[in-house]
Structure formats: structure tokens, C-alpha cells
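Both backbone and side-chain heavy atoms feed into the values below; hydrogens, waters and symmetry mates do not. Numbering of residues begins at 1 and proceeds along the displayed sequence.
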Amino acid sequence: MPASPSSSAQAARRAVASRLRELMLDAGILGQELSVRCGWHESKTSRIINAKMSPSDADIRAWCAACGADDQAADLVATARAVESMYLEWRRIQRNGMRKAQETINALYERTALTRVYVSNVVPGFFQTPAYATALMRTIRHFQGHPDDVTEAVAARIARSRFLYEGGHRFAVVMEESVLRHRIGSSAEMADQLQHLLAVLPLASVSLGVIPFGVERTVWPLEAFYLHDDEHVMVETLTAGIDVTQPRELADYARAFAGLTRMAVHGNEARKLIASALAALG
């Protein structure tokens with residue numbers, strides 16, 4: 001299992017730092033001399049080398065120039081940009097609202113044949129009803145404080161549900177029973193959401209499993225993650241989405257999903273758990 005959902009991004013930052021350090025050593029200079037050549041404080045060089053600070057494009061170009069390695073700058077800048085795209089801070093990508101991010105995610109689903117999803121908190125977007133999505137996004141918007149484009153963002157998110165019915169996409173979803181019990185929106189809106197889960201349960205494109213309360217755990221409850229084919233995993237944390245692409249970690253998430261699937265109930269047993277949560281709403 002991954003030690004941390006941000007481990008891929010941090011490992012990649014360390015790789016960039018290591019390459020910069022190698023350039024400095026190949027040039028036969030130490031951190032103090034490099035700092036003088038770059039025109040910044042020596043502590044900045046130390047933070048970059050130790051991967052405690054992500055260098056800007058200008059920092060990388062200055063570093064390469066100081067080491068007589070201008071030909072390395074373009075590649076290092078591209079690598080560093082890719083690293084930063086792994087760690088997608090919600091406040092940054094949603095600073096102008098949520099609609100654009102939702103549309104970007106939709107494009108990803110369009111390219112994905114098999115989406116494997118584990119959720120321990122909320123119903124995944126492609127299963128959400130408009131009322132549920134609205135209630136959830138209003139809560140997120142209030143917490144993060146970005147501009148209010150909830151109506152447009154909900155429309156973009158609900159459009160994602162079309163992939164359940166077209167394009168030959170497949171969705172394997174495992175959710176904790178708690179997802180059925182966490183009330184998002186009013187009781188009536190949550191009831192509609194649970195009814196919708198019952199409606200999508202028989203779809204040929206969908207495999208929906210629910211991990212019951214009280215089951216013996218072989219995999220502990222995890223943060224929500226979305227595995228798109230075998231190419232990358234999006235892990236959702238409170239503050240950011242982590243785009244994991246390292247093959248070893250992809251294999252770990254696939255193994256975790258398999259273990260979570262074995263704990264889940266499917267078919268009629270899953271239907272009973274959804275119906276029970278629905279009945280509890282009155």
C-alpha cells in the first residue's frame with residue numbers, strides 16, 4: 001500500500017532536486033558559489049536541493065546557466081511542471097470556480113475504458129443526482145471560498161453520467177456502507193440519491209459493491225481513489241487531488257481495489273443495504 005497519497009509527487013520532486021544537485025557537482029561548484037551566481041540566498045539553494053522548495057521555471061534556468069548547462073534547462077523545466085501537475089491543490093485549480101475542473105474530469109472519463117473507484121465518503125460523481133451534487137458542491141464551495149458557479153459545475157458533473165450508457169465504458173465501484181448513511185442535502189434529496197443507486201445497479205456497464213458495517217477488514221478504510229484504466233490514479237484528499245502515475249503505486253492501488261472488492265457485497269445483497277439506508281430516512 002502507498003505510504004502516502006502524495007508519495008509519487010514528492011518522489012518526483014526529489015528526482016528533480018537530485019538532477020539539479022548533479023549539475024552543480026558536475027560543474028565543480030558548491031551551494032554557496034551557485035547561490036552567488038544565481039543571485040539568491042544560500043538557504044534557497046539548500047531548500048531546492050533537499051526538495052523542500054519547488055523551483056520555478058526561472059530558478060531552473062538560472063541554476064542551469066550557473067552550471068554551464070543551459071542545454072538541460074528545457075527538459076528540467078518540463079519535468080518540474082509535470083511534477084507540480086501531480087499535486088492538484090483544490091483552492092488553486094478551483095480559484096475561479098468548479099465548472100472548468102468538472103469539464104476537465106469529464107474529458108478524462110471519455111478516454112477511460114475501465115474506471116475502478118473506491119469511495120468512503122460520498123457517492124462518486126457519475127452516480128450523483130442533481131440535488132445531491134448541488135448540496136455537496138455548495139458545501140465544498142462554502143469551505144473553500146471560491147467563486148459561486150455551483151449551478152454550472154453541477155451541470156458539468158451530471159453530464160458525466162452519460163458514460164454509463166454510451167461509449168462502451170465500464171465502471172467498477174466499491175463504496176463503504178457509510179456512504180449510504182451520510183446525509184448530503186435534505187432527507188428527500190438523499191432518498192432520491194439512494195433510489196438512483198438502485199436504478200443504476202442493474203446496468204451492464206456498472207459493477208457496484210458495498211462494504212458492510214461490521215465486516216472483517218482485510219484492507220483498512222482509505223481515502224477515495226479513482227483508477228483510470230492502468231494509467232493513473234486520482235486520490236482525493238481534503239486539500240488536493242493527487243495524480244499517481246508511478247507503476248509500483250498503480251499496482252498497489254489495483255491490489256487494494258481487489259481486496260476492497262472481495263470485502264464488498266454485490267447484487268441483491270448490495271441492493272438490501274441501499275434499501276435499508278433508504279428506509280432509515282423515513
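- If you take CG on Leu34 and CZ on Arg21, they are separated by 12.5 Å, rounding to the nearest 0.5 Å.
- Residues Val200 and Ile158 share a single hydrophobic cluster, defined by chaining ILVMFWY side chains whose heavy atoms lie under 4.5 Å apart.
- Taking hydrophobic clusters as Ile, Leu, Val, Met, Phe, Trp and Tyr residues chained together by side-chain heavy-atom distances below 4.5 Å, Leu136 does not share a cluster with Phe143.
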Atom pairs and distances, side-chain donor-acceptor, residues 272-282, under 3.5 Å, sequence neighbours left out:
residue, atom, partner, partner atom, Å
Lys272, NZ, Glu269, OE2, 3.3
Ser276, OG, Arg181, NH2, 3.0

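- Asp192 places no side-chain N or O within donor-acceptor distance of the main-chain N or O of Glu189, the cut-off being under 3.5 Å.
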Quiz item: Which is it for Thr115 and His169 under the side chain to side chain contact (heavy atoms under 4.5 Å, CB included) test, yes or no, and what are the steps along the way?
Solution: CA-CA 8 Å; Thr115 302; His169 304 280; over 6 Å; no
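- In this structure, CD1 in Ile48 is found 7.5 Å from OG in Ser56, a value given to the nearest 0.5 Å.
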Side chains of residues 148-156: which donor-acceptor pairs under 3.5 Å do they make with residues two or more places apart or in other chains?
residue, atom, partner, partner atom, Å
Asp148, OD1, Val150, N, 3.2
Asp149, OD1, Met98, N, 2.8
Asp149, OD2, Met98, N, 3.1
Asp149, OD2, Arg99, N, 2.9

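- For the pair Thr139 (side chain) and Ala135 (backbone), a donor-acceptor distance under 3.5 Å is present.
- Hydrophobic clustering (ILVMFWY, side-chain heavy atoms < 4.5 Å, transitive): Phe171 and Leu114 are in distinct clusters.
- Other residues, nucleotides and ligands place no more than 12 heavy atoms under 6.0 Å from the NZ atom of Lys100.
- Side-chain contact between Ile49 and Met24 is present, with heavy atoms from C-beta onward closer than 4.5 Å.
- For the residue pair Glu176 / Tyr118, a side-chain donor-acceptor distance below 3.5 Å is found, with atom types taken as modelled.
- Within 6.0 Å of the NE2 atom in His142, the count of heavy atoms belonging to other residues, nucleotides or ligands does not exceed 12.
- To the nearest 0.5 Å, the span separating CZ on Arg61 from SG on Cys64 amounts to 9.5 Å.
- Val206 is listed as a side-chain neighbour of Leu164, based on a closest heavy-atom distance under 4.5 Å.
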Practice problem: Go through the steps for Ile242 and Glu223 under the test side chain to side chain contact (heavy atoms under 4.5 Å, CB included), then give the verdict. | Solution: CA-CA 11 Å; Ile242 315 299; Glu223 62 284 326; over 6 Å; no
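- Val174 is connected to Trp220 through a chain of hydrophobic side-chain contacts under 4.5 Å among Ile, Leu, Val, Met, Phe, Trp and Tyr, so both are in one cluster.
- Aromatic ring orientation, Trp63 versus Trp40: tilted (interplanar angle from 30° to 60°).
- In this structure, Glu166 places its CD atom where more than 12 heavy-atom neighbours from other residues, nucleotides or ligands lie under 6.0 Å away.
- Hydrophobic cluster membership is shared by Leu201 and Tyr165, with clusters built from Ile, Leu, Val, Met, Phe, Trp and Tyr side chains linked at under 4.5 angstrom.
- Ser120 places no side-chain N or O within 3.5 Å of a backbone atom of Pro221 that could act as its donor or acceptor partner.
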Which pairs would a plain distance check flag for residues 65-75, meaning a side-chain donor or acceptor within less than 3.5 Å of a matching protein atom at least two apart in sequence or in another chain?
residue, atom, partner, partner atom, Å
Asp75, OD2, Arg19, NH1, 3.0
Asp75, OD2, Arg19, NH2, 2.7

Quiz item: Between Leu180 and Val210, does a side chain to side chain contact (heavy atoms under 4.5 Å, CB included) hold up when you go through it step by step?
Solution: CA-CA 9 Å; Leu180 308 175; Val210 180; 4.0 Å; yes
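- Minimum heavy-atom separation, Met263 to Thr218: SD-N, 3.3 Å.
- Salt bridge annotation for Asp229-Arg170: absent, with no cationic side-chain nitrogen under 4.0 angstrom from a carboxylate oxygen.
- Using a 4.5 Å cut-off on side-chain heavy atoms (C-beta onward), Ile211 and Arg217 make contact.
- Proximity of the aromatic rings of Phe163 and Phe126 is defined here by a centroid distance below 6.0 angstrom, and this criterion is not met.
- Atoms CD and OG1, on Glu110 and Thr112 in that order, are 10.0 Å from each other to the nearest 0.5 Å.
- Atom CZ of residue Arg248 and atom OH of residue Tyr253 lie 10.5 Å apart, to the nearest 0.5 angstrom.
- When only modelled atom types and interatomic distance are considered, Arg141 and Gln94 share no side-chain donor-acceptor pair under 3.5 Å.
- Ring to ring, Tyr109 and His228 are close: their centroids are under 6.0 angstrom apart.
- Atom CZ of Arg157 and atom OG1 of Thr129 lie 11.0 Å apart (nearest 0.5 Å).
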